[in-house]
Amino acid sequence: MGGDFLPAAEEKGSLRRCAVTREEGTPSQMVRFAVSPSSIIVPDLDARLPGRGIWLSARRDVIEQACKRGVFARSARMQVKVPEDLLSQVEVGLHRRMIEVVGLARRAGQAISGFVKVREWVMQRRAAVIVHASDGSREELDRLISGGRDIPVVDALSSEELAKVFGRERVVNVALAAGGLATRLCCENRRFAGVAVGDPRVCRTFPADGCEQAGQ
């Protein structure tokens, strides 16, 4: 059985149950894991791999408990190998996904960069999500969003990473227009904050339903 993916599990409906806390949540709030053909637990951040999905809340402590308490083996109903760097794999993967989403938004014409341009979008209510570089200043962010409505703010990406996306030397401020990509970025940011910091509430994506509002 270890040489094949596990039989597909029932993953119907809009909610998933965390294998550690037993709490239910939407897929956008959780992380799916799968068993590889060599019986290794792998993060399935796209939730597309075949086989039995093992869902965990996107929280650092939850994933740590799953690794230490044999949760993966019990959920998979077989012996599995849990990589020592599994938590790091999830963190790095979610961080990479945020960069990819910003890149997709730029290529689709749904993202702009630069303080002046982003400020214009804020005042014109065209900005659904603001990306402010992690090494940028809080004072600059305050000036950027002052006078505007509450806009979700993502601050997990560095100016160097944003610069690579836009092909410039340095980028601190980015705005995404409303739509599916803005929604995806907010959701990925919440998952990343939960895994990297331990609590998704500490990220600057606000208000609490910022994911939904970004898509409007």
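Small disclaimer: the values here were computed from a predicted structure and weren't measured. Side chains are part of it too, since the values below use all heavy atoms of this structure and drop only hydrogens, waters and symmetry mates.
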Side-chain ([X]) to main-chain ([Y]) donor-acceptor, under 3.5 angstrom:
{"X": "E140", "Y": "S137", "value": "no"}
{"X": "E188", "Y": "L185", "value": "no"}
{"X": "R17", "Y": "E24", "value": "no"}
{"X": "S57", "Y": "R59", "value": "no"}

Is a side-chain donor-acceptor pair under 3.5 Å present for [Y] with [X]?
{"X": "D155", "Y": "H132", "result": "no"}
{"X": "S159", "Y": "D135", "result": "yes"}
{"X": "R168", "Y": "S113", "result": "yes"}

Is the closest side-chain heavy-atom distance between [X] and [Y] below 4.5 Å?
{"X": "L176", "Y": "Q110", "result": "no"}
{"X": "S146", "Y": "R119", "result": "yes"}
{"X": "F72", "Y": "L56", "result": "yes"}
{"X": "F33", "Y": "D44", "result": "no"}
{"X": "I112", "Y": "V174", "result": "no"}
{"X": "C186", "Y": "V129", "result": "yes"}
{"X": "V31", "Y": "L45", "result": "yes"}
{"X": "V80", "Y": "M78", "result": "yes"}

Practice item. Identify the two heavy atoms, one from R32 and one from R52, that lie closest to each other, and give their separation to 0.1 Å. Key: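 Taking every non-hydrogen atom into account, NH2-C, 3.9 Å.
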Review point. What heavy-atom pair brings V102 and V131 nearest, and what distance separates the two atoms?
Key: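 Of all heavy-atom pairs spanning V102 and V131, the closest is CG2-CG2, 4.5 Å.
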**Study point:** Geometric class of the H95/F192 ring pair [parallel <30°, tilted 30-60°, perpendicular >60°]
**Key:** tilted
